[in-house]
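Below: the structure, in structure tokens.
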Amino acid sequence: MGAKRLLASPTLWVGLLFAALLLRMDVLEPLFRFGFPRVEPVVYNRDSFPALFLSQLGLVAAASLAASLVGIGLAVFVTRPAGHDFRAMVDALATVGQTFPPAAVLAIAVPMVGFGARPTVIALFLYGLLPIIENAIAGLEGVPQGVREAAEGMGLSPGQRLYRVDLPLAAPVILAGIRVSVTIAIGTATIGSTVGALTLGTPIFDGLVANKLPFVLEGAVLVALFAILTDLLFSRLERWLRRAAG
Amino acid sequence: MIEIDEVSKSYGNRRVVDRLSLTVGAGELCVLLGSSGCGKSTTLRMINRLIPTDAGSIRVGGEDVTRVPAEVLRRRIGYAIQSIGLFPHWTVADNIATVPRLLKWRETRVRDRVGELLELFRLDPPTYRGKYPHQLSGGEQQRVGVARALAADPELLLMDEPFAAVDPITRDALQTELAHIHRATGKTIVFVTHDIEEALRLATRIAIMERGRIVQLGAPLDILEHPANDFVRDFVGRHGLGLKLLSVRRIADRLRRGETADGEPVALDASLGEALSAMTTRRTDRLPVCDADGHNVGVIALADLVH
């Protein structure tokens, strides 16, 4: 029963396919050679795919972790009585972060912090903040009024109300925001390659510059699988959280 | 137990509570009765400082409520509300254990107390301990809500329309249970409602409120027999007043001692309303009356109801 469910899970198959292509893209070399006979080499080999993946994973993790901490922190702040007046301002800031194209952020950030990982992380952080803030605010405000009143009336301190009642009840909605943010960040991170960050976008841009279509395909397929796999893992985490929340 | 002294509260220009004073003695069940917006809930919530007062003072057990931290005060006062507010991610047992755990009771003591309360509300402990709130009916949820308010054995219980959202049959059962618990434990209870029948049934004393003031304060019978003004007269209802009077008067006060009658006896502490109901359904004008031990003590007759 357990084994059957595991075999039927898309997470497993997407994960296996992703790992296989990441480690042994060269197995597909005859296929690419058949499709693109005049390209040489036909499989990207300047960096190893696992190294590109780990580098991109690091960038996305750093940016998303920072965006989650800041986003949830701001949402908690504006949903407390003390921060209520800042609600509109935080909403506006997050929206600006989202409207500002990541490519433009890179262009502005590079002269200030140099090439490489740092401007990429800044761009991903700003771009990923909005869904996290919006969902966190919605989640915290969605805690039923009666539950909040009961918690206060029974003598839970503000900190106890936040950690024992508000955050656990808002967790599934907050996690949904992080899921959207991370999935977007994985796709967006590829443009970091234009300013020298190592990502699975590096073969894509190299392929575009050198007119080598197989490189573009290889990078794009891996990025897509990376994003899909992450989304599937988050959806499992979300289901588990909702069950835990009763 | 509670002394409210010249307390006021305004929102903007609107004065919700207007120099209100009220003393509630230990063991009383005092009902704040009025239509919505009369300031009854605000008054209740100022007692446990969910709402700060603008002026005046409130003492609980002789101590000014502002002298202790709000959380410490609230853990000493039970609080039950209409929306119940059970924590949906906690089991019934964890919900009831909220305040005892805040007070850092030992876990064995918490467990015993939860079991005791579930039994008090006739919820079988092994069945109900591990359930989540969404698995309970409305009436069961409200029982758990009141059990949670009573968990740390507070001297004082504040209840804000706790039974307003449940169906009439469940409400009737909950009222009976509350009356029983009040008699059994001797807790001081302040109970907010807009339902006159509920007030007459539960209260030892009723404070009728209008526009932030108490317009009449007295025992249920007092208020029915001597309404202070037209507002109270309208509120308690001119229509059906006689039946309400019967519902608060006791058989004990009209008993014909020493006489006997046939049939199933009614209880000495039942209301005249219940006696009338029994006479109507049994097509008789005399009923035997028994005391709490089941001994026949006399008779109540139809004519006695109206004299």
Side-chain angles (χ1 to χ4, degrees), chain A residues 68 72 75-76 79-85 87 135-179 234-246, chain B residues 41 44-52 68-92 94-103 130-136 141-142 144-146 148-152 154 157-162 165:
Chain A
S68 300
I72 295 169
V76 166
T79 51
R80 303 303 104 180
H84 203 263
D85 296 341
R87 166 82 193 267
N135 271 49
I137 290 177
L140 289 167
E141 286 185 340
V143 175
Q145 179 57 38
V147 171
R148 277 187 277 183
E149 191 189 334
E152 192 179 358
M154 278 188 301
L156 275 78
S157 68
Q160 289 166 333
R161 298 204 297 271
L162 178 64
Y163 286 106
R164 297 193 195 176
V165 180
D166 291 353
L167 284 177
L169 288 178
V173 184
I174 295 177
L175 188 72
I178 296 177
R179 175 184 176 184
F234 265 103
S235 92
R236 298 201 133 212
L237 191 60
E238 236 178 280
R239 275 206 303 275
W240 177 80
L241 252 188
R242 279 187 204 278
R243 262 207 307 276
Chain B
S41 284
L44 187 83
R45 291 151 59 106
M46 286 193 292
I47 297 174
N48 65 357
R49 287 177 59 194
L50 283 174
I51 296 176
V68 285
E71 277 98 41
V72 176
L73 175 79
R74 290 174 194 150
R75 288 169 197 175
R76 292 204 300 241
I77 300 177
Y79 187 54
I81 53 179
Q82 180 185 339
S83 53
I84 313 174
L86 294 181
F87 301 132
H89 56 314
W90 289 2
T91 61
V92 165
D94 288 337
N95 266 287
I96 295 177
T98 307
V99 180
R101 286 195 178 131
L102 288 174
L103 296 172
K131 286 200 184 204
Y132 283 90
H134 68 93
Q135 297 169 305
L136 306 177
Q141 287 185 18
Q142 193 49 274
V144 174
V146 179
R148 183 174 68 171
L150 287 168
L157 186 57
L158 306 179
M159 308 183 87
D160 193 350
E161 308 215 20

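Residue numbering restarts at 1 for every chain, and letters A, B, ... go by the order of the sequence lines.
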**Closest heavy-atom pair and its distance - A:S157, B:R75** = N-NH2, 4.1 Å
**Request:** Verify side chain to side chain contact (heavy atoms under 4.5 Å, CB included) between A:M154 and B:R148, making sure each step is shown before the conclusion.
**Result:** CA-CA 9 Å; A:M154 278 188 301; B:R148 183 174 68 171; 3.5 Å; yes
**Request:** Identify which part of B:L86 has an atom lying under 4.5 Å from any heavy atom of chain A, answering side chain, backbone, both or neither.
**Result:** backbone
**Request:** Let me know if B:I84 has heavy atoms under 4.5 Å from chain A in its side chain, its backbone, both or neither.
**Result:** backbone
**Request:** Please flag which part of B:R45 lies under 4.5 Å from any non-hydrogen atom of chain A: side chain, backbone, both or neither.
**Result:** side chain
**Request:** Report yes if some heavy atom in the side chain of A:L156 is under 4.5 Å from a heavy atom in the side chain of B:R74; otherwise report no.
**Result:** no
**Request:** Calculate, to the nearest 0.5 Å, the distance between atoms CZ and CD belonging to A:R161 and B:E71 respectively.
**Result:** 7.0 Å
**Message:** Taking side chain to side chain donor-acceptor pair (under 3.5 Å) as the definition, give me every residue that meets it alongside A:D166, ordered by chain and number, with sequence neighbours left out.
**Reply:** A:R80
**Prompt:** Which residues, numbered in order, of residues 143-153 of chain A come under 4.5 angstrom of chain B by heavy-atom distance?
**Reply:** A:G146, A:V147, A:E149, A:A150, A:A151, A:E152, A:G153
